[in-house]
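Throughout, residue positions are numbered sequentially from 1 according to the sequence presented.
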Amino acid sequence: MKLPRLIVQALLVLVPAAAGSLLGLSLLDLEREHGEARALDQAVGGMQARVLELEQARALEDKVDELPRLCPEPDIASFLGELEHAARRAEVRCDEVEVPRSETEGEQGYVLGGEGSATAIARFLAIVEANHRLPVVQSCRVFGSAEGTTRFALRLRLCHKLAGGPR
C-alpha cells in the first residue's frame, strides 16, 4: 500500500516537528527540574544555616551555665576539695590549711601553705584564680626553704550570697 505523496510529505514535516516538540518538552522538563533542584538546594542551605545558628545558641547557653557566680552558701568542704584537686593538678603539696572563722557576712577566708617548684606554684595560682566560685587571692608569699624547695603562703577570700539576699 502506497501512501499518497501529500501524506508522505506531511509526515516528513510533522514527525520531525513532533519529535522536536517532544525534545523541547523534555528540555523544558529538565530545566524545570534543574530549577526545582536549585530551589531545593537553597532551602537545604537555609535549613543548614538555621541549624548552625541553633547549635551556636545552644553552645552559648552552655557557656552561660559555666560562668562564675556566687555560691548560695560557704561550702567549705567542697571548696577545700577543689583546692586539693588544683594542688594535685599543679603538682604542689599543700601541708597547711586553715579556715579561720569569718568576721564578715558573705565572705569566708582560707589560708594555705605548701611547697613546689616556682612553675608549679604559678600553675596552682592560675588554677585557683580560674575557679568558678570566684576566689580572691588576698596575698601570696613565695620563699625558699632550707631543703632547697620553694614554699608558698596563700590567703584566699571566697564570697557567697547573703542569706535572704537577691537570687
Closest heavy-atom pair and its distance - R89, R123: O-NE, 4.1 Å

Beyond-backbone contact of P100 with E98, side-chain heavy atoms, under 4.5 angstrom: yes

Residue pair F79 / L158, side-chain heavy-atom distance below 4.5 Å: yes

Heavy-atom closest contact (L154 atom, C140 atom, distance): CD1-CB, 3.9 Å

Residue pair F152 / E115: nearest heavy atoms and the distance that separates them: CE2-N, 3.5 Å

Distance-only donor-acceptor check, side chains S102 and Q108, under 3.5 Å: no

Single-linkage hydrophobic cluster, 4.5 Å side-chain cutoff, V142 and I127 together: no

Heavy-atom pair of closest approach, residues A118 and T150: N-OG1, 4.3 Å

Fellow cluster residues of F143, listed by chain then number, with links counted only when side-chain atoms sit under 4.5 Å apart: none

Any residue meeting side chain to side chain donor-acceptor pair (under 3.5 Å) with R151, in chain and number order, not counting sequence neighbours: D95, E96

Hydrophobic cluster identity match, L134 and V99, side-chain contacts under 4.5 Å: no

Gap between atom CZ of F124 and atom CG of L112 - 0.5 Å precision: 5.5 Å

V128 vs N131 side-chain heavy atoms within contact, under 4.5 Å: no

Residue pair T104, R157: steps toward the side-chain hydrogen bond (donor to acceptor under 3.5 Å, both in side chains) verdict: CA-CA 11 Å; T104 307; R157 182 183 55 175; over 6 Å; no

Same apolar cluster: V97 and L125, side chain cutoff 4.5 Å: yes

For the student: nearest non-hydrogen atoms of E107 and C159, plus distance: CG-SG, 3.9 Å

Closest non-hydrogen atom pair between C94 and A87, with its separation: SG-CB, 4.0 Å

S78 and R133: CA distance, side-chain angles, deciding distance, side chain to side chain contact (heavy atoms under 4.5 Å, CB included) verdict: CA-CA 11 Å; S78 178; R133 296 175 189 257; 2.6 Å; yes

Gap between atom CZ of R88 and atom NE2 of H85 - 0.5 Å precision: 6.5 Å

Worked verdict on V137 versus R155 for side chain to side chain contact (heavy atoms under 4.5 Å, CB included): CA-CA 6 Å; V137 177; R155 288 176 124 4; over 6 Å; no

V136-V111 co-clustered via ILVMFWY side chain contacts under 4.5 Å: no

